[in-house]
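Beneath this line is the structure, given in structure tokens, with notes to follow.
No hydrogens, no waters, no symmetry mates; every other heavy atom, side chains included, goes into these values. Sequence positions, counted from 1, serve as the residue numbers for this chain.
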Amino acid sequence: MELILVVVGAILVTAIAHRRGFEPALMIVVVGIAVSFLPGFEAPELDSHILLTVVLPPLLYSAALDFSFPTFLRNIRPILGLGVALVAVSAFAVAAVSSWLALVPLTFATALVLGAIVAPPDAVTAVAVGRKLGLPKRVMAILTGESLINDAAALALFSVAVTQVAGGHTFIANPFLLFGYSAVIGPIVGLALGYVTLWIRRRLANPGLETVQGLVVPFAAFIVAEEVHASGVLAVVVAGFVVGNGTLGAGYQTRLQERYVWNSVDVLLEAFVFAYIGLHLRFVLEDLREAHESLMEVAVASMIVLVIVLVIRPLSVFAMFGRNKLFRHVETRLSVPAPESGRGALGTRRKPRGKWRSRIDRRTLSWQENVVVSWTGMRGVVTLAAAAAIPATTMSGEPFPERATIQAIAFVVSVGTLLIQGWSLPWLIRRLQLSRFNDDHAEDREEELKAERVVHAAADDVIAEFRANPPVDMDPRVLAEIRTAVARHSEDVDEMPDPEAPTKRAKVFSALYRDVLSAQRAALITERDEGRIEDEAVRAMLERLDLQEAGVSSRLESRL
């Protein structure tokens with residue numbers, strides 16, 4: 001009953017935040033903190049692994065479904081830098097400073113547990129703010145891609161650190177080999193489950209059943225990967241990529257239904273998690289008192305870790321992106337033009353880039369974009385879920401060292417980054433005039449026009465082929481009517497024949513109409529994968545085609 005009330009309250013606060021123009025995550029956390037101090041309030045309790053196994057997989061899977069793998073590959077360098085390298089740097093920086101200051105009695109291994117917990121940013125809030133304010137699409141792609149892999153890196157490091165402190169045994173003793181095994185086997189599990197999902201869907205051919213099956217995929221991928229000691233997070237992400245890229249083989253009803261179902265799941269889970277964060281503040285403080293910790297020392301340690309987290313990302317972003325821009329500028333000023341033979345100034349032959357390397361986007365971000373990326377470090381779901389998943393005891397039965405302290409610091413870091421960066425990020429984007437909306441949607445409109453030209457050209461090609469090779473034994477006037485009707489798509493729907501009616505005219509129309517839609521979708525995907533059209537414009541056009549097909553089909557069915 002308590003969980004239902006939490007969900008209902010979180011949804012209510014989300015609705016109010018949307019109406020008032022506030023960020024829902026921040027409002028939910030603030031309201032939750034206030035409610036936690038009400039007299040007699042008891043926060044709902046969940047098993048320590050519920051947040052990791054129930055909340056995290058569907059959120060990651062939903063993001064991967066809507067994210068193009070070619071877009072991920074084009075931005076792989078900044079994504080890996082932020083999602084893997086920065087997570088490791090943040091974790092070890094927090095561990096080193098926390099163990100050295102000795103404000104709270106943390107060994108380096110215990111401090112590394114804390115570092116792994118607070119290392120991964122939660123890009124949900126940043127992506128939501130960026131989409132609303134119109135951040136450049138490459139920045140959005142980098143932030144979304146980072147959110148898909150930083151959790152895997154942080155949770156792998158968290159598992160190794162917890163095992164070292166608790167005295168447990170891992171599947172592979174060497175932590176580096178264990179990390180490599182997890183990073184390789186996890187995606188293989190996701191790849192296999194993704195293709196199995198598509199194989200099953202082709203035989204179900206039922207939108208309702210296909211949607212229900214899709215809801216099971218993230219949990220299956222996560223659990224199977226964890227059972228073989230691999231990364232469940234990477235398995236979920238890869239499964240989402242495979243299923244998302246294979247949805248063109250499904251019917252339009254399945255795609256539309258899944259899109260709205262997963263949007264609803266995202267809103268529900270995110271609202272619940274942020275409410276859960278806020279409602280437990282008072283109880284985290286009570287756990288500290290019971291552990292006989294000095295609240296002042298823990299508060300000071302929390303502020304120090306919060307400052308480290310806020311500072312380390314801008315420094316790392318400058319080191320990764322600003323350094324490359326500086327080196328490129330120096331190289332341009334000092335380099336000697338290569339002769340026509342293709343050899344460099346020292347006579348070394350330049351190696352041509354491979355097919356995949358040539359697709360990687362090597363453009364540098366502007367300084368405004370670097371500033372925004374460096375300030376999108378809000379912590380959230382994974383940080384709180386990992387803190388809750390710290391075991392209560394070690395293998396010897398002793399209490400886990402400083403468990404309450406680690407959870408309190410993680411809570412302060414999560415809430416602090418949400419309040420500081422979450423509230424200031426919109427102001428920062430406006431101040432830097434980085435929004436695409438500043439040019440009156442000119443760039444977005446150009447991408448939309450590209451998508452429209454692609455679908456029109458694809459339709460013209462199919463209709464031209466139909467004109468050149470028409471079905472035999474049909475009246476030329478009927479064929480002309482069919483071509484005209486299909487070319488108009490959903491215009492004048494009442495004049496279109498019923499595709500389900502058992503006439504040759506209806507069958508020819510239905511086949512041609514579906515061929516046009518199939519060609520349009522395939523052309524859009526090809527242009528997107530080649531990098532000639534932005535992913536968001538392609539997804540918008542694909543949704544328009546699905547809605548168009550749904551409108552035509554529903555009107556035709558209503559005539560029966």
Determine whether [X] and [Y] make a side-chain contact, defined as any pair of heavy atoms from C-beta on separated by less than 4.5 Å.
{"X": "V371", "Y": "V317", "answer": "no"}
{"X": "M320", "Y": "P78", "answer": "no"}
{"X": "I429", "Y": "L425", "answer": "yes"}
{"X": "W262", "Y": "L65", "answer": "yes"}
{"X": "P401", "Y": "V165", "answer": "yes"}
{"X": "F72", "Y": "F241", "answer": "yes"}
{"X": "V236", "Y": "F219", "answer": "no"}
{"X": "V162", "Y": "F400", "answer": "yes"}

To the nearest 0.5 Å, how far apart are [atom1] in [X] and [atom2] in [Y]?
{"X": "L310", "Y": "M378", "atom1": "CG", "atom2": "CE", "answer": "11.0 Å"}
{"X": "E297", "Y": "T405", "atom1": "CD", "atom2": "OG1", "answer": "9.5 Å"}
{"X": "I409", "Y": "S302", "atom1": "CD1", "atom2": "OG", "answer": "4.5 Å"}
{"X": "I79", "Y": "L143", "atom1": "CD1", "atom2": "CG", "answer": "9.5 Å"}
{"X": "I142", "Y": "I76", "atom1": "CD1", "atom2": "CD1", "answer": "11.0 Å"}

Got a sec, which residues hit side chain to side chain contact (heavy atoms under 4.5 Å, CB included) with [X], two or more places apart in sequence or on another chain?
{"X": "L177", "answer": "I172, N174"}
{"X": "L315", "answer": "V311"}
{"X": "S182", "answer": "S231"}
{"X": "A183", "answer": "L234"}

For [X] and [Y], indicate whether the former's side chain and the latter's backbone hold a donor-acceptor pair under 3.5 Å.
{"X": "S414", "Y": "A410", "answer": "yes"}
{"X": "R379", "Y": "A119", "answer": "yes"}
{"X": "R201", "Y": "E210", "answer": "yes"}
{"X": "T110", "Y": "L106", "answer": "no"}
{"X": "D151", "Y": "P120", "answer": "no"}

For [X], which residues count as a side-chain hydrogen bond (donor to acceptor under 3.5 Å, both in side chains) partner, sequence neighbours excluded?
{"X": "R313", "result": "E146, T376"}
{"X": "T394", "result": "S396"}
{"X": "W375", "result": "S424"}
{"X": "T211", "result": "Q257"}

Which side-chain N or O atoms in residues 93-100 pair as donor and acceptor under 3.5 Å with protein atoms at least two apart or in another chain?
| from | atom 1 | to | atom 2 | distance (Å) |
| --- | --- | --- | --- | --- |
| S98 | OG | V94 | O | 2.7 |
| S99 | OG | A95 | O | 2.8 |
| S99 | OG | A96 | O | 3.2 |

Salt bridge flag under 4.0 Å for residues E398 and R403 | no
Begin from the C-alpha positions of S90 and L86 and carry the test side-chain contact (heavy atoms from CB on, under 4.5 Å) through to its verdict.
-> CA-CA 6 Å; S90 301; L86 180 55; 3.7 Å; yes
Minimum-distance pair of heavy atoms, taken over all atoms of [X] and [Y]:
{"X": "I28", "Y": "A275", "value": "CG2-N, 3.2 Å"}
{"X": "G190", "Y": "V238", "value": "C-CG1, 3.9 Å"}
{"X": "V217", "Y": "A239", "value": "CG1-CB, 4.2 Å"}
{"X": "L148", "Y": "V233", "value": "O-CG1, 4.1 Å"}
{"X": "P121", "Y": "N150", "value": "O-ND2, 3.0 Å"}
{"X": "A64", "Y": "V237", "value": "CB-O, 3.5 Å"}

Kindly write out the residues that satisfy ring pair (Phe, Tyr, Trp, His ring centres under 6.0 Å) with F158, not counting sequence neighbours, or none if the list is empty.
-> none
Side-chain donor-acceptor pair present, S147, T144, cut-off under 3.5 Å = no
Could you list the residues that satisfy salt bridge (Lys or Arg N to Asp or Glu O under 4.0 Å) with E226, not counting sequence neighbours?
-> none
So N75 and T71, side-chain contact (heavy atoms from CB on, under 4.5 Å) or not? Walk me through it.
-> CA-CA 6 Å; N75 297 285; T71 301; 3.9 Å; yes
Dump the intermediate steps for side-chain contact (heavy atoms from CB on, under 4.5 Å) on F92 and F108, then the final yes or no.
-> CA-CA 9 Å; F92 281 97; F108 182 80; 3.9 Å; yes
Under 3.5 Å, which donor-acceptor pairs link side chains of residues 380-388 to any protein atom two or more places apart or in another chain?
| from | atom 1 | to | atom 2 | distance (Å) |
| --- | --- | --- | --- | --- |
| T383 | OG1 | I117 | O | 3.0 |

Could you please spell out the steps behind the side-chain contact (heavy atoms from CB on, under 4.5 Å) verdict for F272 and V6?
-> CA-CA 7 Å; F272 171 76; V6 171; 3.9 Å; yes
